[in-house]
Amino acid sequence: MLKLKLPGLNLKNPIIPASGCFGFGKEFSELYDLNILGALTTKAVTKLERNGNPTPRIAETDRGMLNSIGLQNPGVDNVIKNELSWLKKFKLPIIVNVAGSSIEEYVEVSKLIAKSNLVNALELNISCPNVKDGGIIFGTEAKIAYNLTKAVREKVDLPLYVKLSPNVSNIIEIAKAVELAGADGISLINTLIGMRLDLKTGKPVLANKIGGLSGPAIKPIAIKMVYEVYQNVDIPIIGMGGIQNAADVLEFMYAGASAVGIGSANFINPYICPEIIAELPQLLKDYGFNDIKEVIGYAHK
Amino acid sequence: MLKLKLPGLNLKNPIIPASGCFGFGKEFSELYDLNILGALTTKAVTKLERNGNPTPRIAETDRGMLNSIGLQNPGVDNVIKNELSWLKKFKLPIIVNVAGSSIEEYVEVSKLIAKSNLVNALELNISCPNVKDGGIIFGTEAKIAYNLTKAVREKVDLPLYVKLSPNVSNIIEIAKAVELAGADGISLINTLIGMRLDLKTGKPVLANKIGGLSGPAIKPIAIKMVYEVYQNVDIPIIGMGGIQNAADVLEFMYAGASAVGIGSANFINPYICPEIIAELPQLLKDYGFNDIKEVIGYAHK
Amino acid sequence: MIIISNQEIASDIYELTLQGELACLIKEAGQFINILISDKLFLRRPFSICAVNKSQKQLAILYQVVGEGTKILASKKAGDKIDVFGPLGKGFPLIDNVQEVLLVGGGIGVAPLYELAKQLHKRNVKVNTVLGFASKAKVVYESEFQRYGEVYIATIDGSYGFRGNVIELIETKKISFKLIYSCGPKAMLKALQEKYQHIKGYVSIEERMACGIGACYGCSCKPKDMSLPNFRVCKDGPVFELNEVII
Amino acid sequence: MIIISNQEIASDIYELTLQGELACLIKEAGQFINILISDKLFLRRPFSICAVNKSQKQLAILYQVVGEGTKILASKKAGDKIDVFGPLGKGFPLIDNVQEVLLVGGGIGVAPLYELAKQLHKRNVKVNTVLGFASKAKVVYESEFQRYGEVYIATIDGSYGFRGNVIELIETKKISFKLIYSCGPKAMLKALQEKYQHIKGYVSIEERMACGIGACYGCSCKPKDMSLPNFRVCKDGPVFELNEVII
Ligand SMILES: Cc1cc2nc3c(=O)[nH]c(=O)nc-3n(C[C@H](O)[C@H](O)[C@H](O)COP(=O)(O)OP(=O)(O)OC[C@H]3O[C@@H](n4cnc5c(N)ncnc54)[C@H](O)[C@@H]3O)c2cc1C
Ligand SMILES: Cc1cc2nc3c(=O)[nH]c(=O)nc-3n(C[C@H](O)[C@H](O)[C@H](O)COP(=O)(O)OP(=O)(O)OC[C@H]3O[C@@H](n4cnc5c(N)ncnc54)[C@H](O)[C@@H]3O)c2cc1C
Ligand SMILES: Cc1cc2nc3c(=O)[nH]c(=O)nc-3n(C[C@H](O)[C@H](O)[C@H](O)COP(=O)(O)O)c2cc1C
Ligand SMILES: Cc1cc2nc3c(=O)[nH]c(=O)nc-3n(C[C@H](O)[C@H](O)[C@H](O)COP(=O)(O)O)c2cc1C
Ligand code: FES
Ligand code: FES
């Protein structure tokens, strides 16, 4: 009753750990069998290894957190050799989150990953708020988002999910642009940009000053964006932002998500994904549904 | 040690109830002496009476709330006759929040209020997310924000604070635009747009579907915007978004606010403004400050 | 205030007794209090005052567990302190020279009527009470109301008393009245309004609230007289004349 | 886990003893646990394991009240349940054929060294301990460490023991050593690193954490060997070789 099909993804259930909150799966594989997940999204991958921003990179906020990791990753070659090859042993759709400083970098990384034949879909992260020379600038202008998606689309055959930034005046415009450019799906939302100051030092808590806000605090913003984008595009949405339990999953799917990303909740309860998967069937029954597919976009019916 | 001067406003302290969270002061005047406040911002005023959106208009979220009041107010003539005249008896700078569906309406309301000679400053609300035909559309395009501010500036002599929407890709651009157009100050931030779905009905909790998100959940977003706008404009900022206590006031002022708005916290603790005012002097001392003015923009020093 | 007791008196329905100076400030039956149940929740929660005992500085509310807040409230124990703001709003007016009234309560809406019954009884007004519930498991305060007059109970499923809703009961039992006080679900109040357009009465209505004092305009409701501005349920109500508001 | 005791043992410093199966999973001194202190806070809080008693399924931590989380933790009582995740991270390695070691703890950093002292003592290693604190009011575990060897105390203000920092104490007292284990404030660890570049040693370091298991890259630190990728303090540490990390 939880099974779903999305472009390139045969999901046992709609629960997908979100990018950056699950590494490349190794750490969580020591806690539970990854095969129970709907799919898995990796940390962002860039062409070369990146060390990310200076620390502190983590700050707590009211029912949320800021992170300024800054795309730390071992670079695409290493990722393919050490991470994606390792992930092969699981019977699990793998989505690789791709980031870069230029459209060329997105294309190149995407091509290399596609060539590896190890993954089921790509998620183009055009919304990372934590690096100056990349990520978010591609996600705040519809035209650039279009060009980037189109450039990858033309060179790569894998299903493409484009992950949008919520830090925009008009999310619908951008969603439509990436749909038009050939995206197979949309991931919504990445983090909102935020800051916390340390009262003692007077300075930002994060060394990078700003960071990405995630957690329950942002859920209403995410729900609204999923709801609106659902009404305006025909490709499926992977919804995320603040999901903490099975009821939140239902809320996102009502709003229009076909599957959901679980991000920072993994830090608070490392078993959150299996727990939600276990709770979903009963929750669906409680609300009178026989199949998860009935829930998608229910708020619009 | 708490005294401050802002254009048109001689503040006893930096604490200003935020628009829409304090009516026109009458209800709170039954709880405490309004004269202790730094200033007071009224509910948004439009040309004609407005009834606002259908109910429910309030929903709770994680450490925040959604409202979809939709600019309910008795119209500018009534406001002048019944509310502003009544407020005259207080020794308190009064800021009137002005909204409208067209630039002409903003100009007209502002002119009428200026003519009344009852208030110290205007706050142009170009960021209300709750009405279709007004408010936010003026605040998401720098050019429109410029035109609106300029139009009012040309006809009205009162100090003008422009209240910006956080639902934008580039807050700095808009802040600079309104500064260029002659604004005397900037109020930051209005609510973020959000939504909550009722799991039982499957429908949005708010009759208006979307609403404005306020409360501690949005504080990191507000701090970041105040911090960035401070670096890019030379006019003072009234900072707000999620303030719950004196420490939060300090954080906003560190970021660059010259005074702060207290919004939804008034609903949780109706005595929050006097309490914060009472706590501020000791808090300043604890952090080694002798005067509130030292705190403004401290994070940038 | 301090919790004196907090007991489940019917399925998912609790009676909470609180002590504090606030109890002495209550002016009318039908006023409400706004409770900050837990700092996990952002907003306060409004509850009608159900009974007042000024000499002991106590008040009681009845509440139904419907969501997170009321669930947490149900876990509180005698001796716990709780942040209560109030009393708020306008209650039921007592009308001079009325000999007999009808109280109509639906579900948890019986709460504000109980203190009203007590006050009316003290003024020697004859109090007839009709209470409607979903089922027997939800019936509360029958014997309490009986102290002050005749009580009729209706349950939708017929598991206790009359089978049907309160209006069917009133019609069937041919209960006559000149003044009606009511509180309950919107559908019930609406039906009363339609049925008894000619009769004087007062209803207590609910709306989602933020401030509870009239400052945020969150709890608007529309007057029937369209030339009037919106009411605020928290400040202008929660009690309104039966035929003055659009429910 | 269940709280067995939670006591203030010095000014703002508490010793918390917990019971649960988790205690039996601990492999090395220097590992840590990640506590969800309250659902008012979003993130867990990491604390070094200070003592383990597997037969009683107990572990202890020492913590200093520095913010909201530790303040709430200090209010917990014996019998309360608490959500603990762990044990996490790599602890202090025990090196074969070492007869004598120096433990250097600064402030609350003494915590992980205590279990280490116990284990070293069991292996008949001579344990010398140098502990530095801000002032007398902050001194903890002096007598506890004395069970396992000689203990030197330094306080910055000289209110107890040696006046100065731990390095000044080591130099003044001419304490010699071949292997050093340390935990404490960054400034202290940095000074040790500079002073004893030639000496083998291990340090436990702190970084702000989210996941605590190596999945979020929040707690990075840089290796001295720039050709290596970043370490994750939670997974590759918190214990590192003295001269392998940039502190
Ligand atoms: C004037 C007034 C008097 C009331 N008196 C009583 C009473 O005596 N006994 C009783 O059981 N209930 C009463 N209610 C309803 C009661 O306030 C809600 O049942 C309660 O707030 C639900 O809280 P929750 O956290 O359990 O539910 P949730 O659904 O989790 O609450 C979420 C939000 O919705 C609001 N809310 C939910 N339902 C209502 C409602 N019906 N009216 C207003 N706000 C609501 C809450 O304030 C909160 O902000 C009254 C409401 C009003 C306005
Ligand atoms: C591996 C490790 C072991 C630790 N062992 C101990 C110990 O044994 N005893 C002890 O008292 N403290 C220890 N700490 C520090 C302890 O985690 C912080 O003091 C505590 O999290 C502060 O929480 P708070 O809510 O009181 O403070 P707040 O400042 O309100 O915390 C805010 C946020 O910052 C994080 N944070 C704050 N300070 C630190 C820090 N120094 N290191 C990592 N995260 C921090 C918290 O996790 C939280 O997310 C350790 C830290 C780490 C990383
Ligand atoms: C520590 C951390 C690292 C993240 N890294 C990435 C990333 O590399 N790529 C990406 O697209 N999103 C990244 N995100 C965003 C999440 O995938 C997710 O969109 C966001 O956190 C909102 O979901 P949540 O509230 O459930 O955490 C990261 C989030 C966090 C908290
Ligand atoms: C119920 C409600 C009504 C509001 N009405 C207005 C308004 O009329 N005009 C306006 O500029 N802002 C309005 N706001 C926004 C607040 O003034 C403030 O900018 C926002 O709530 C963030 O601050 P807070 O988190 O302290 O509430 C309203 C906010 C709330 C919660
Ligand atoms: S709840 Fe704010 S006006 Fe009624
Ligand atoms: S805290 Fe997540 S990697 Fe260390």
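Model, not experiment: these values are computed from the prediction. Excluded from the calculations below are hydrogen atoms, water molecules and symmetry mates; all remaining heavy atoms, backbone and side chain alike, are included.
Contact of A:D286 with chain B is not made at all, since no heavy-atom distance falls under 4.5 Å. Using a 4.5 Å cut-off between heavy atoms, A:Y227 contacts chain B through its side chain alone, with no backbone atom that close. In this structure, chain A has a heavy atom under 4.5 Å from the side chain of B:K209, while its backbone stays farther away. Of the two parts of A:Y298, the backbone and the side chain both hold a non-hydrogen atom closer than 4.5 Å to a non-hydrogen atom of chain B. Only the side chain of A:P204 has a heavy atom closer than 4.5 Å to any heavy atom of chain B.
Environment of NZ in B:K301: crowded, with over 12 heavy atoms of neighbouring residues, nucleotides or ligands closer than 6.0 Å.
The residue among B:A59, B:P216, B:A222 with the most heavy atom pairs within less than 4.5 Å of chain A is B:P216. In terms of heavy-atom pairs under 4.5 angstrom with chain A, the leader among B:G64, B:G194, B:G215 is B:G194. Chain B forms more heavy-atom pairs under 4.5 Å with one residue of A:L250, A:V226, A:V168, A:L199 than with any other, namely A:L199.
Of all the heavy atoms in A:L197 and B:Y254, the pair that sits closest is CD1-CB, 3.5 Å. Here the shortest heavy-atom pairing between B:D62 and A:R63 reads OD1-NE, 2.8 Å.
Taken to the nearest 0.5 Å, the CD1 atom of A:I193 stands 15.0 Å off from the CD1 atom of B:I223. For the atom pair CE (B:M195) and NZ (A:K219), the distance works out to 13.0 Å, reported to the nearest 0.5 Å. Expressed to the nearest 0.5 Å, how far CG of B:L192 lies from CD1 of A:I218 amounts to 11.0 Å.
At least one side-chain heavy atom of A:E251 sits less than 4.5 Å from a side-chain heavy atom of B:R196. Proximity of B:L213 to A:I221: side-chain heavy atoms (C-beta onward) are separated by under 4.5 Å at one or more points. The shortest side-chain heavy-atom distance between A:N167 and B:S169 does not fall under the 4.5 Å cut-off.
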